[in-house]
Number of protein chains: 2
Amino acid sequence: MKKIDILNKLRSSGLRPTKQRVEIAKFLFEREKTFHFTVESLNKLLTKKSTSKIALATIYNTVHAFKTAGHLNEVEVRGNKTYFDTNVSNHHHFYDSETSELIDIDANDIIIQKIPKAPNGKKIKNVEVFINLKN
Amino acid sequence: MKKIDILNKLRSSGLRPTKQRVEIAKFLFEREKTFHFTVESLNKLLTKKSTSKIALATIYNTVHAFKTAGHLNEVEVRGNKTYFDTNVSNHHHFYDSETSELIDIDANDIIIQKIPKAPNGKKIKNVEVFINLKN
DNA sequence: TTCTAGTTTATAATTATTCTAAAGTGAAAA
DNA sequence: TTTTCACTTTAGAATAATTATAAACTAGAA
Ligand SMILES: [Mn+2]
Ligand SMILES: [Mn+2]
Ligand SMILES: [Zn+2]
Ligand SMILES: [Zn+2]
């Protein structure tokens, strides 16, 4: 994903491409593989990588703006911190609690044969599979 | 589960059956169906039910002690609070984000036909399925 | 009954996150 | 190009969940 696409991505979701947003978006979206992160880890990586310091509040603001725009997903991981995922398509995860590392599993790599029907007036929105790992 | 069993349950896991622990254990374990809760919700319910007030710190201590002893499981739910589950067997969940309600799914009610193999030197510890509900 | 390690408790501390409100800025309009 | 202003960034305060502290209490062994 090139810079022009980043600008389009931001503008088309009603987000002004400010210096900070572009820098964060480039860091998050200009990569081949999925990136899983917490605000803390993102902050550290950005601080290390870049010269210009971005306020922590801005990172929170930006991550939430990207999530609301559908460019990031929140992943539920045991623990206190909130995890985000640059892979916004429907998929599953391996989770290694030793390293707190998430690994993507393509939706097609898990096939569920039998599933219970949703209760009362409810419908199934989506199904998430977590595979916890050990050594 | 009767009172004597509660006492055994505590003692056999190295926990002194104090007044507070017995009261909390009775509240949590003397019921037919699985109970999912947060420390906050448990605290409210205990306050309503009982005459003797239990300190919030004691509820945290006790829930952690029960979890460590294997009498409670922690369930990962989106949001800030930590959820606990009296069902410590391997099972799955429906999750209704409208009501923040968890509903158990028996392990046998979900059959996974295809699953990827664990990465590098890792093994699969367990598989958890979350079915998110909508109206 | 005495004794003590384990437990409870009020309160302080910590940690992740959100709020606030003042200063800064992208970009539309003049 | 300059003006203008709604949107954005920011430092710091506030909040909320959880954990730590340390003094008072107690289960139960001796
Ligand atoms: Mn979490
Ligand atoms: Mn959670
Ligand atoms: Zn992912
Ligand atoms: Zn459950």
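Within every chain, numbering begins at 1; the chains are lettered A, B, ... in the order of the sequence lines, protein sequences first and strands thereafter.
Classification of B:K122 and A:E101 as a salt-bridged pair fails, no side-chain N sitting under 4.0 Å from a carboxylate O.
Ring geometry, A:H93 versus A:H36: the interplanar angle exceeds 60°, so the pair is classed perpendicular (tilted spans 30 to 60°).
Position along DNA chain D of the nearest nucleotide to B:P17 versus B:L56 favours B:L56 as the more 5'-ward residue. The residue among B:V39 and B:K19 whose nearest nucleotide of DNA chain D lies closer to the 5′ end is B:V39.
Closest to the A:N61 side chain, of the nucleotides C:dT9, D:dT10, C:dT7, is D:dT10. Of the candidate nucleotides D:dC7, C:dT11, C:dA5, C:dA5 has the atom nearest to the side chain of B:R16.
At the phosphate of C:dT17, OP1 or OP2 sits under 4.0 Å from a side-chain N or O atom of A:T82. Under 4.0 angstrom from either OP1 or OP2 of C:dT18 there lies at least one side-chain N or O belonging to A:H64. The phosphate of C:dT8 has OP1 or OP2 within less than 4.0 Å of a side-chain N or O from B:T18. B:Q20 has a side-chain polar atom (N or O) that falls below the 4.0 Å cut-off from OP1 or OP2 of C:dT9.
Contact annotation for A:T58: base contact, defined as any heavy-atom pair under 4.0 Å involving a base atom.
Cation-pi check for B:K9 over B:F29 is met; the charged atom lies under 6.0 angstrom from the ring centroid and within 45 degrees of its normal.
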